[in-house]
Every structure is written in structure tokens, then in C-alpha cells.
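Note that the numbering runs from 1 along the sequence shown for the chain. Start at 1 and go down the list; that is how both ligands and their atoms are numbered. When reading the values below, keep in mind they use all heavy atoms of this one structure, side chains included, and skip hydrogens, waters and symmetry mates. Fair warning: this is a prediction, and the values are worked out from it, not measured in the lab.
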Amino acid sequence: MALLQISEPGKSQDPHEKRYYIGIDLGTTNSLVAVIKNGSPSILKEDTNNGLLPSIVTYAGDDVFVGDNKKNNESITFRSIKRFLGKNLEDLKKENFYSPCEYLEENNVLRFKVFEKLVTPVEISSEILKHLKNITNETLKGEIAGCVITVPAYFDDTQRQATKDAASLSGLKVLRLLNEPTAAAIAYGLQSKKISKVMVYDLGGGTFDVSILNLNDGIFKVLSTGGNSSLGGDDFDSLLADYIEKTNGLNLDEQNKHNLYLYAKEIKKNLSDSESIKYNLSKIGLNNQDIILTQKEFNLIIKSLVKKTLKISESVLRDANLTIEGIDEIILVGGSTRTPYVKNMVEDFFNKKPLSNINPDNVVAIGASIQADILSGDSNEELLLLDVIPLSLGIETMGDLVEVIIPRNSTIPTSSSKEYTTFKDGQNAMSIHVVQGERDLASDCRSLAKFTVKDIPPMLAGSARINLEFQIDADGILNVSARETSTNKVTEVEVKPTFGISDSEIEQMLKDSFDNAKEDILNRNLNESIVEGERVILSINSALNIDGKDLLNNVEYDEICHARDKLEKSLESEDRETIIGAIKNLENISETYISRRMNSSIQKIMKGKEIKEYN
Ligand code: ADP
Ligand code: MG
């Protein structure tokens, strides 16, 4: 399990060298790195910028530059590379993507033709991470022992894997990937407050994301997410540039249009701090007579875009089955929420003052640094963030049917196993097809991996036992292993698909499954829930045996045992709903316990101890 890979046994720490655990916000428009110094978070800055590193990578000959203003005639510049992570050409074509150079797809991976070389989005992203690593090394003396990198809550398995790959390429050790909205909530210390529903409104440069989190006993779950992947502050800039062009009766060429766009960005930012601003058009070679632009005028220009974000927020609220009154806190994230009109509109719409006292550019990186500090074991705080998997994982069984092994919205990390047998006498191999999705037919789901279990000893049909185990680590990445029980031979695959599921596809897949819910219910059988119930009982029993008495007080211990006994009883009820209810109940009651187990194990690992029970 990935948890164990965090420690490096035998590699002892030089007592003079400080080890740092950093938090990274790898953004579409800007990226930044933060660290906890003397107990409080700080953003690491280069001399040349305010801590925000534009997520722009420029290739010029053999040189690679990260940040802005490195362009020349020969160079190739990549912006918003995050949009490409974990996607194949088919996914991207649906999104109208822009490439600064020729590209091709090889082994299902998109590659850009950068001069003589082929470069993947993962490699380009790793350049940004390398740069952040250099900033860290220059600012702090010591070793970077590990990092937490944030990702959008809707990132699927492939996009998360791609982010981790980029980190490995840059030489960073990832302790954990963390959802961006969760990071924001941690930055505000919400985990230790008595609140439950948090809405995170994140308006960046080119993307809008809104998420609703449920907070329960220090555990965050993403209840729903939504957004628009082509709506952000850059659109404010274009609208403002158009407005200036029109109101001044200009007709600009391409180059001056671009200059005006950059100027509009500057005007917009300045307008965030004052009621009105004077500008002149000398920057685009016109007269330098001052023109006044007021916030009021600007608000009208961006009004429809801001309204759009509120509409989306409303629908995300509906998805979570909540009303405005049900939200305890709203957090503003992203540079574009610095625009006063955005802040005010959100406040008016939700009739609640959003949290915005932490710089919205920094809030995600700060949360990541706090989480990194906690995972390092250096801090006294106990906190674990459980996330959920967005789509169910399962395998194809006879007749194109899907057997779900880990259901959607399961908190991670998690593992689950099932036993399968041969259906022919003497059958010596079995092929396994891993799929992700909510539909009953494998062909309607996303295919993640195929592999074959070989060398099954010849036996009568139905006598071989193949134990198939799915493990999802804390980053949401899946490992599958199959063990033939008579020989104990293990076939293992890290499911590492090279293509991604796009948001809209996830959406579509979820929608399809709701549309087909009736059929789906008919297809599920009672047996499945009994098997699941037994599995849950087994795993809770084995956990309680290991550390139940250490991590729980008597009341908590008894509560869990009581819920387990209830589940045991429900297995005889022959009623699927009763069993599922009892499983849910036990899972809910054990949530805090599981989180304590995870924390104590990570802390032990970070201190270099081995924990056998997690093997
Ligand atoms: P991302 O998460 O997509 O990387 P950021 O959160 O860094 O993006 O937000 C970048 C956006 O914030 C840009 O469109 C930028 O113009 C805008 N922005 C930055 N500072 C301000 C400001 N003071 N007022 C309004 N918008 C701002
Ligand atoms: Mg961001």
C-alpha cells in the first residue's frame, strides 16, 4: 500500500539538516508553495514575484523557463497545462483545446512536438514543480522530505495519477494529494470548529469550481462539485478590453488587441482596491488622455459572468440536497474573488458573509502546507481528511455484467476483496477486466485495465479460489491484486490508465446511472450486500483486535461493537435495505476510529517505524 512507501527504512536523518514538508498549489493559472515555519504557514517567494508563479512553461532550444515573460520568436510556450493532465486526445477534442505546437498521440498519451523532442503534459507540469522545488531550496536550508499537492475535487484516478507522476519526475515525494476545497477549509481551521457544511467558491484565472464539503469529527467529505472549466478572471479581462475598445471607438490589430488585454488585466486588479481608476491608451500607442473607469461600470461588464457562477453554485447546492440556509460557511478562493463585486454578489446571494480574510490566492497552498505538517508528525494536531472516490470500481463478470468492488463515494484509503472461481474443469487462467462507472454493463463503463491470472492448477470447475483485492490509497489511486489461494501465487497490477475520464463524461456516467436506477436495482442482489456486510465485520474485527483498545475509549469501543452486532444480526434479515443500512451505520460510527488509525500509522511511518498490520 502506498502508505508504506512514505518511509524510507534505513535512511536516517542527519541531525543538523532540517527536513521540510511543503504544500503546493499546482494551479491552472498560478502555482505556489508554502511551508509551516515556527508554527505558522508562509508562502515562499522568489525575489521576482509575490509568491505566485505563473503556470507558464516556455521551451527555447535546450532551455526551459517557468513563469512569465520568457518568450521569443523561436520559443514554444505552454499555458494552462493542468487542463491536459490525465487526458487523451479524444477527451481533449471535446474541449476545444489549444496547442502552441504540433502534437500526436502515442500509446494513448498526448505528446507535443517541442523542437526535436516529444514532451508530455506530465513532463511540462513537472517543470513547474521543479521550479517550486528550487524556490524552496533557495529560501530554506535543508531537505524537502515530502509534499502535499492539491488537485481539484473532481480530478479522477487518471488525473490524480498524472499529478503524482509529474511530482515524481520533479523529484518530489508526494505524501498526499489533497482536494483544493478541502485545503481551503483547513487553511481556515474549520476542521476544529463545530460546523458541518462548507461551500468553497473558487474563481481562478480560467476555471470556476464550486464544492460542498461535509465536515464531521475532523473528516471532510466532498458532497458535490460543479463548475465551468472555461470561466474565470481571464474572461473579465477580455470583456473589459472589448469594452474599452468599443467605448473609445477603436479598431485594433491583433498585437494591440493583445496589449490592451494585458492592460485590462492590470486595470481590473487595480480596480479591486479603489472605487475608480484613471487609465490612458498610450500603452497601445494612442493618445495619453486620461479616461476614468469606475467599479460600477466594471461591475456591469462582468455581471452576467458572475451571475453564471451563482447559478452553478445553486445547482451544486441542489446536488448536495441542501438549501442556502444549510451552509455554515462559505470560503472564497482564487484571485478573481478579490474583485469586490464578486465578493458582494456571493454574499448577497447566499445571505452570509464569506470567509475571505486569508488572501484567496494563497489559501489553497496554505491548507496544503498545514496538511503536510500534520502528516510529517511534527505538529500536535490530529487531523485526517478522508476523501471519496467519484465513481465505483469493479470488474466485468460473465455476460458483460459489472460487479462493483468499491462503491462510489467510499471514503479512501480503502480496500476490498472478493473471491472468484473457475467455471470450467481444468481452467488454468482467468482474465480480469477492471472498470469504473455506475452502469450495470461493463461496456457502458470506463475500462481501466485488463490482466490475466495464469498458472491456476487444474481443478474441477468451481474448486479454484481466486482472491481479488482492490486497494485505493489515500490519493485515490487503485492497485489490484489476484491471489490463487492453493498456490498463493499473486498477480499484481497497478492500474495506471493512460487516458482520463473528462468531467462531462463522469457527469454523463452518473446521469445515466440515475436514469437507469430502476433496472440497476433489479440487477443487484441480496447476496452482494451479505458478502459486503461480512467483509465489513471482518475488517472491523481485525482492526479492533490490533488497536481498538488503544485508540478508543470504552464508550466508543462499545458503540462500535454494538453497531457491528447489529450488522451481524441484519445479515439474517434477507432484506437488502436493512443490511445496507446496518453497514452504513457501522461505517459512520467507525469513521473517527478509522481516521485515528490512519493518522497514527502515518505518524509512525514518518518516524521510521514499520507497521505490519497495514500490510
Ligand atoms: P488558478 O487557480 O486558476 O491558478 P488564481 O487563483 O491564481 O488562478 O487566479 C488568477 C486570476 O485572479 C487571474 O485572472 C487574475 O487576473 C486574477 N486576479 C489576481 N489578482 C487580482 C485582483 N487584485 N483583483 C481581481 N482579480 C485578480
Ligand atoms: Mg486555484
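- Annotation: Asp202 places no N or O atom under 3.5 Å from an N or O atom of ligand 1; distance criterion only.
- Here Ser272 has side-chain heavy atoms under 4.0 Å from ligand 1, and that is the only part of it that gets that close.
- The closest approach between any non-hydrogen atom of Leu52 and ligand 1 is not below 4.0 Å.
- Closest protein heavy atom to atom 15 (C) of ligand 1: Lys268 NZ, 3.7 Å.
- Using modelled atom types and a 3.5 Å distance limit, the side chains of Thr309 and Tyr201 yield a donor-acceptor pair.
- Among all protein heavy atoms, the one lying closest to atom 7 (O) of ligand 1 is Asn30 ND2, 2.7 Å.
- Here the closest heavy-atom approach between residue Gln159 and residue Leu85 is recorded as CG-O, 3.4 Å.
- Nearest protein heavy-atom contact of atom 13 (C) of ligand 1 is Gly205 CA, 3.8 Å.
- Geometrically, ligand 1 and Gly334 share no nitrogen or oxygen pair separated by less than 3.5 Å.
- Looking at ligand 1, you won't find any N or O of Asp237 less than 3.5 Å from one of its N or O atoms.
- The Gly27 neighbourhood of ligand 1 comprises atoms 4 (O), with distances under 4.0 Å to a heavy atom of that residue.
- Among Phe97, Tyr98, Phe84, the single residue meeting the ring pair (Phe, Tyr, Trp, His ring centres under 6.0 Å) criterion with Tyr103 is Phe97.
- Counting only heavy atoms from C-beta outward, the side chains of Ser75 and Phe65 never approach each other to under 4.5 Å.
- Contact check on Glu127 versus Lys130 returns a salt bridge, with a Lys/Arg side-chain nitrogen under 4.0 Å from an Asp/Glu carboxylate oxygen.
- Considering both main-chain and side-chain atoms, Thr29 comes within under 3.5 Å of ligand 1 through a nitrogen or oxygen pair.
- No heavy atom of Gly232 sits closer than 4.0 Å to any atom of ligand 1.
- Residue Asp234 approaches ligand 1 through these ligand atoms, each under 4.0 Å from one of its heavy atoms: 14 (O).
- The protein non-hydrogen atom at the shortest distance from atom 27 (C) of ligand 1 is Gly335 O, 3.3 Å.
- The nearest pair of heavy atoms linking Ser125 to Ile81 is OG-CG2, 3.6 Å.
- Salt bridge absent: Lys93 and Glu105 never bring a charged side-chain N and a carboxylate O closer than 4.0 Å.
- The nearest protein atom to atom 19 (C) of ligand 1, hydrogens excluded, is given as Lys269 CE, 3.7 Å; this is a heavy-atom distance.
- For CD of Glu90, the number of neighbouring non-hydrogen atoms (other residues, nucleotides, ligands) closer than 6.0 Å is 12 at most.
- For the pair Tyr341 and Lys303, the minimum side-chain heavy-atom distance is below 4.5 Å.
- Looking only at protein heavy atoms, the nearest one to atom 2 (O) of ligand 1 is Gly204 CA, 4.2 Å.
- Taking the side chain as every heavy atom from C-beta outward, Leu271 and Phe236 never approach each other to under 4.5 Å.
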